[in-house]
Structure formats: structure tokens, C-alpha cells
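Letters A, B, ... are given to chains in the order of the sequence lines, protein chains preceding strands, and every chain is numbered from 1. Nothing here was measured: the structure is a model prediction, and the numbers come from that model.
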Amino acid sequence: MARLRIKDILKSSPTEQVITVKGWVRTFRNNSFIALNDGSTNNNLQVVVDFTNTDESILKRITTGAAISATGALLASLGKGQTVELKASSIEIIGDSDAEKYPLQPKKHSLEFLREIAHLRFRTNTFGAVFRVRNTLAFAIHQFFNEKGFLYIHTPIITSSDAEGAGEMFRVTNFDIANPPKDEQGQIDYKQDFFGKSTNLTVSGQLEGELAAMAFSDIYTFGPTFRAENSNTTRHLAEFWMIEPEMAFNDLTDNMNLAEEMLQYVMKVALEKNKEDIEFLSQRLEEEEKQKPQNERSELSLLDKLNFCLENKFERITYTQAIEILRESNHNKKKKFQYLIDKWGVDLQSEHERYLVEKHFKKPVILTDYPKEIKSFYMRQNDDGKTVAAMDILFPGIGEIVGGSQREERLEHLETRMAENGIPAEELSWYLDTRRFGSCPHAGFGLGFERLVLFVTGMTNIRDVIPFPRSPKNCEF
RNA sequence: UCCUUCUUAGCUCAGCUGGUUAGAGCACAUGACUGUUAAUCAUGGGGUCCCUGGUUCGAGCCCAGGAGAGGGAGCCA
């Protein structure tokens, strides 16, 4: 008999038809009622066992975590809490779960504990919801770009370029690390390494993406990215997924429009497709908020926050305007910032970003036209000679979720900026070729996928929105 | 990497001024009950008090060093 998914069964009406379901036992109450889950939804199917006619040895094996198959008639439920239930005529134990050793209990566990058993945390309501939402968001991103005619390009994971300036890199080698070959100067001789040169894991697909955009016009990458930074925060991972579109013949405004449209598109899809999961997460968050003191509680629920971001345009201001707002704020005048804003040119700290987003505008903010000194070499210089056509999108609770820019398409300007940043031109001659042959204005951005998942699920630690987090001193599984 | 808080049963946590045999709830086991919703009730088993060293007649508690975790900062997506 074909296996039906619990999500579909719960939506159907009690047909009294005999069906088979397979899943894992969440709880077994009263020797009669199995809450069965198969991961298709957070809601469980109630399977009713007639314990007077079921073998004692089978009943004993219906334990939390066990995989079972149940066959029986789908009936209207006699109890409250569900409309249909399965009256089991036969129960088969597919995989036992020793109740004494199984770490998950039918109770609330801390996220820290579940992080230690990440291989089992998929089986909880919270992580079930989080990873179903993550799946929807990933698919929606592809759908969005596909509908817009963007080409999905696979940029390399192993790269020989170490000039992207996006952070510390993980080295890739097949040398015997205890005894690597040396050259005449006693330096490690990478000519003898697998690729015949020094190689690393990518920190960004942007530069390669730009190459493709110079032929296909509109492209995007969506893949894993690696940073060997010693970052211990709730917003950083050593291995994360990034979406990086790149568009030829586009300027900074086009870039902002696309980013905003994309974020709203995927949030809308998630709210539609994973309504129940997001409602669950929203409720979970509200209960967690009740533990906090009144003044630390957020004004909006997760659902309200998402809907608000869907319905309202993001605020767009320049760096210079932001500095003005911050400098004139009471917060600054009363010296409540740890880093006080005094002069133009300083980099914004997260306390300043949070103030703009959470206190001043109370909505997502796009900051543009930063001083060139605090931004990357490839960003296009504005006519004022001081700023570059950069944009960061700041989200409440997350901070920077998108970082992008219009790229410097003028060869001489780019070469000057590279020289100023100490990047040798021969390292990136392939990149400079795009400016030598048919250069054109173009723009793009990077979106940290896990930060998006954080925002949409309302989770607060990035390690809880990726199945197997990699961070300093942690690489389990 | 810096600041800060924490580490006691499978989980979440109490543990007084340093004092004798370290507790609770949940989980688990056994039994009762049998239309339950994290069922309920009764009984029971379960401890390297993170590690190492020190102070003390005596350390879960005090001191030093180390490890791990949480939160914040920096770097960023």
C-alpha cells in the first residue's frame, strides 16, 4: 500500500478508507494514542491503537523516536485537537528507539542542547519548521531569478585567487602538512601541490560572477562560501551560503530595486507556503519574549514583522545622511553610543546600524554611498571623489543582510584603487580583462542566505538555521 | 581575538556563611488507570558537582590555571 504524507492526510476528510502511514513516534499516550510525525508538517497524525487487541511486545516498542508503519481506517476523531485520526488495524515497528537512551524527550529542550545533537534536532518542532522554511526560501530564490531571466552560474569553490579581500581563507592542499616540499629559499613549494599553485576555498563568487555577467547580462550564483575568520557571533559562520547576482548595464539604483524586490518576493512565498511553520515560530518567539523584561520585548510578532517588511518600502539614505541623523540624535548627544559619531568618514558600528533600523526608521534601511576608504576596491567611485556607489541593506535584529555595489567599470580607476589597496594587477588580470574588452556599467550584491533564514524564522543564532554549522572550534558530523 | 556570564542526574535547574548521607521537576523503569493531547497517579533506579592543582581539620561552594558553552564587541554576508 502506498505511503501517504501526514500533511496531506490531515487536510483530507475522514473517508474511512484504509491507508498506510510511516513516520516517527513523537509521543505515545495512554497506551493508545501515538502522535506520529513524518516531517511533512509539524502537526502530528493521531494513530489510535487498540491495546486490548495488540500484542504486548509491539506496544512496548512504540517508544519516542521509533520508526513505525501504521495501517488502518481514517476516521473522524472522537477527541479534541484534531479532526481526523487513524484507527490502526496493524502496527509495524520499522526501527526501534531505546527510550532510555534516546536524547529527545516530549518536552522543551534548550537550543544549546539541541545544537549538540544536531543530527537529531531535525526531529523537533522548531527545527522542523526552520528547515522547511529554509528549503522554501532556497527554492524561491531560484524561482525569482529564473522568472527574471537570470542565468544560474556555478562559480568555483576552490579558487586560486586570494585577492578578493572578503576575509581570511581556508587553504586547500594535498601536501603532507607535516612535511611539505620546499623550494631553494626554504619556502613551501606550491608548484608541487595538486593544482601547481596555492589554492583556497572561495570567500565570494563575485569576481567570477562578474565575468559571466559580461556575457550573459544577468546572472546569479547561489553556493557555499568559506571564511576562516575567528568570528564568534550569532551572525557568522565559517561555512555559509551566499546568493550573488550580477547585472550588466545596471547602476546602483537598479541594484537596490532588485535586492528589495527579491527580499520581498521570497518573504511572501515563505508566508504563503509555510504559513503553519511561521505561525508556529512566531508563537514560539512570543512565548520566549514573555521571559524577557517588558522594555526588551519587541513590539511586533514575527508574523507582523514579516508582513510589515512586505508592505513597506525600505528606507533609502546615503551614508552622509545617516551620519547626520546619528550625530543629531539624542542618543549621540546624551553619549549613549559607545562610539560617538563626530566626523564624516568613520565606519558605522553595529550599535549605529541598530539605532537607524530599530529606533529611528523602524524598518529595513538601505545605506548608500559610503566613503571609499572603508569599502572594497571594486566599488565604483562617485563623482565627488570621496564616496563609492555601495549599498548595504540593514535588517532589524540582523544588521547587514545584503552588501553590494555598482562596480568600477573604468579600467584606470580600477587599477588605481587596486594599487592603493596593494593588490597586484597581475593577480587579477583576468578580472581586468572585462574592463579592457567591452566594459560596461554593472552592479551586484551578496546576500547571506542564513541571515535571511534568521530573519524569516525569527531565530536569533545563525547556528540554528543551517543544518550542520561550522564555526571556530566546531565541525561536527 | 577582546569583554562578560555560565558549567551540579539523560534534560531544565535549586544547593544557605565552607560542615556530616548533594535535591526538585521532567525523562526513564515498574505498577494502576484507559479517549489521551508534553495524559494522570503511585513506587523506584539514576551523580567523575567540567578538568588539573592549591588553601583548609573539612571544598559543589574559596584561590590559580585550563577546557567548553551562552551573550556582547570587532571582522563581515
Side-chain angles (χ1 to χ4, degrees), chain A residues 26-36 43-52 59-60 63-65 75 77-82 85 87 97-117 120 124-125 164-168 203-206 222-244 259 296 337-339 347-354 374-376 392-395 398-404 445-455 460-466 471-474:
Chain A
R26 283 286 173 86
T27 62
F28 183 38
R29 284 184 299 270
N30 226 349
N31 236 357
S32 305
F33 304 99
I34 302 170
L36 194 69
N43 299 314
N44 302 319
L45 175 68
Q46 173 150 290
V47 176
V48 185
V49 183
D50 179 6
F51 68 90
T52 53
L59 288 174
K60 285 274 178 228
T63 55
T64 305
L75 306 176
S77 179
L78 297 172
K80 289 171 193 153
Q82 60 277 318
E85 65 187 19
K87 188 168 170 52
S97 172
D98 185 340
E100 211 159 344
K101 292 181 183 144
Y102 188 61
L104 290 174
Q105 304 157 16
K107 65 170 253 184
K108 195 176 157 67
H109 289 291
S110 67
L111 295 174
E112 290 82 10
F113 170 66
L114 293 171
R115 216 170 284 149
E116 288 169 16
I117 49 164
L120 297 173
T124 64
N125 284 334
E164 286 158 31
E168 289 295 310
V203 292
S204 161
Q206 181 200 314
F222 185 176
T225 310
F226 308 88
R227 307 252 168 112
E229 301 284 348
N230 190 11
S231 300
N232 293 286
T233 79
T234 53
R235 304 176 307 282
H236 292 85
L237 289 165
E239 175 182 294
F240 64 101
W241 288 68
M242 191 152 64
I243 298 108
E244 294 175 290
E296 284 176 31
F337 286 128
Q338 202 183 336
Y339 295 89
D347 206 353
L348 299 179
Q349 308 289 316
S350 30
E351 58 175 344
H352 305 130
E353 296 181 349
R354 271 210 312 276
I374 58 175
K375 286 290 176 185
S376 302
D392 283 358
I393 302 185
L394 311 178
F395 263 35
I398 313 280
E400 185 178 343
I401 195 168
V402 164
F445 61 85
L447 166 70
F449 183 55
E450 281 74 21
R451 290 191 181 172
L452 174 66
V453 183
L454 268 185
F455 185 74
T460 50
N461 192 318
I462 201 161
R463 293 164 198 182
D464 294 331
V465 296
I466 188 166
S471 55
K473 300 266 159 24
N474 175 20

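- A close approach under 4.0 Å does not occur between any side-chain nitrogen or oxygen of A:R235 and OP1 or OP2 of B:G71.
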Next on the checklist: Generate the contact string for nucleotides 39-50 of chain B. Rules: B means base contact, S means sugar-phosphate contact only, - means no protein heavy atom under 4.0 Å.
Outcome noted: B-----------
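- Remark: the separation of the P atoms in B:A14 and B:A59 is 24 Å, to the nearest Å.
- Taking 4.0 angstrom as the limit, A:R26 places none of its side-chain polar atoms (N or O) nearer than this to OP1 or OP2 of B:U37.
- Note on A:S32: every side-chain N or O is 4.0 Å or more away from OP1 and OP2 of B:G35.
- In terms of heavy atoms, A:T64 sits closest to A:L104 at CG2-O, 3.9 Å.
- A:F395 is linked by a ring-ring contact (aromatic ring centres under 6.0 Å, His included) to A:F314, A:F455, counting only residues two or more places apart in sequence or in another chain.
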Checklist entry - So what does the secondary structure string of RNA chain B come out as, 5' to 3', with Watson-Crick or wobble pairs under 3.5 angstrom, [ ] for crossing and | for pairs with another strand? => result (((((((..((((.....[...)))).(((((.......))))).....(((((..]....))))))))))))....
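- Between A:S350 and the phosphate of B:A73, there is a side-chain N or O to OP1/OP2 separation shorter than 4.0 Å.
- Contact annotation: A:Q46 does not reach the phosphate of B:U37 (side-chain N/O to OP1 or OP2, under 4.0 Å).
- The nucleotide whose nearest atom lies closest to any side-chain atom of A:S77 is, among B:G71, B:C28, B:U36, B:U36.
- Closest approach of A:G404 and A:D392 over heavy atoms only: N-OD1, 4.2 Å.
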